Amino acid sequence: MSGRIKPVTTIATIFFLASAVAPLFVASWATLFALILAKGIVVLGIILLLQAGQVSFGHAMFFATGAYTAAFWGKYVGGGDIVLFIALGGITSAVFGLLVGLFVVRYREIFFGMLNLAFSMVLWSLLEKMFHYTNGADGIRVPRTGPVGAVVHARNLPVRHSLREPLDRGRRLLRRATLSR
């Protein structure tokens with residue numbers, strides 16, 4: 001293996017960094033880039049399994065256990081910040097993965113995928129049946145929290161305020177130019 005970095009890796013790294021930083025400059029993009037990064041993590045999980053020679057149709061179950069753990073903690077226990085939610089979600093997903101792994105470790109190829117899918121569907125059915133706690137397929141709404149107690153809101157982003165003034169000046173200049181014609 002050579003010590004050179006592949007161009008695809010460089011492009012992916014640049015895109016990841018741009019996706020992580022872009023919402024600081026344009027606050028309305030925060031949801032879009034959060035979805036892009038979340039789906040990117042799922043794709044990385046699929047690629048990892050495919051490189052290991054496995055096919056999984058149920059790996060979303062592990063993401064769901066982590067997400068529901070964070071949501072239950074935020075709604076029913078209350079408090080906490082995003083660092084706590086990520087840690088709890090990661091730990092719960094890892095433990096759940098170890099438990100499911102005890103049953104599927106001996107299977108390969110399509111049998112591995114189908115058994116994962118079966119466990120995933122059992123979890124989905126359980127979450128749907130507990131609608132009063134999980135809100136079904138819509139999920140649980142959790143108040144927005146920031147890292148280490150910081151409040152993250154579009155109005156609180158310092159970069160957005162620093163960009164507002166030049167944009168307002170440009171808008172005024174454009175308005176004057178169009179009105180003077």
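Keep in mind that what you see is a predicted model, and the values were worked out from it rather than measured.
Two rings, from F103 and F119, have their centers less than 6.0 Å apart.
One hydrophobic cluster, built from ILVMFWY side chains closer than 4.5 Å, cannot hold both L127 and V122; they sit in different ones. In the hydrophobic cluster analysis, where Ile, Leu, Val, Met, Phe, Trp and Tyr join through side-chain heavy atoms closer than 4.5 angstrom, L115 is grouped apart from L98. Hydrophobic clustering (ILVMFWY, side-chain heavy atoms < 4.5 Å, transitive): L48 and I41 are in distinct clusters. Linking ILVMFWY residues whenever their side-chain heavy atoms come closer than 4.5 Å, directly or via other members, leaves F15 and L35 in distinct clusters. In the hydrophobic clustering of ILVMFWY residues, with side-chain heavy atoms under 4.5 Å counting as a link, F111 and V105 come out apart.
Hydrophobic cluster membership of V43, counting Ile, Leu, Val, Met, Phe, Trp and Tyr whose side-chain heavy atoms lie under 4.5 Å apart directly or via other members: I47.
Under the 4.5 Å side-chain criterion, counting only non-hydrogen atoms from C-beta, Y68 is in contact with I140. Residues M61 and F96 have side chains in contact (heavy-atom distance under 4.5 Å, counting atoms from C-beta outward). For the pair F131/N135, a side-chain contact is recorded, criterion being any heavy-atom separation below 4.5 Å from C-beta on.
Closest non-hydrogen pair, T65 versus L123, comes out as CG2-CD2, 3.8 Å. W73 approaches F85 most closely through the heavy-atom pair CD1-CE2, 3.5 Å.
Counting only distance, with no hydrogens or angles, the side chain of S120 and the backbone of N116 share no donor-acceptor pair below 3.5 Å.
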Please lay out, stage by stage, how V100 and F62 fare under the test side-chain contact (heavy atoms from CB on, under 4.5 Å).
CA-CA 10 Å; V100 171; F62 304 112; 4.2 Å; yes
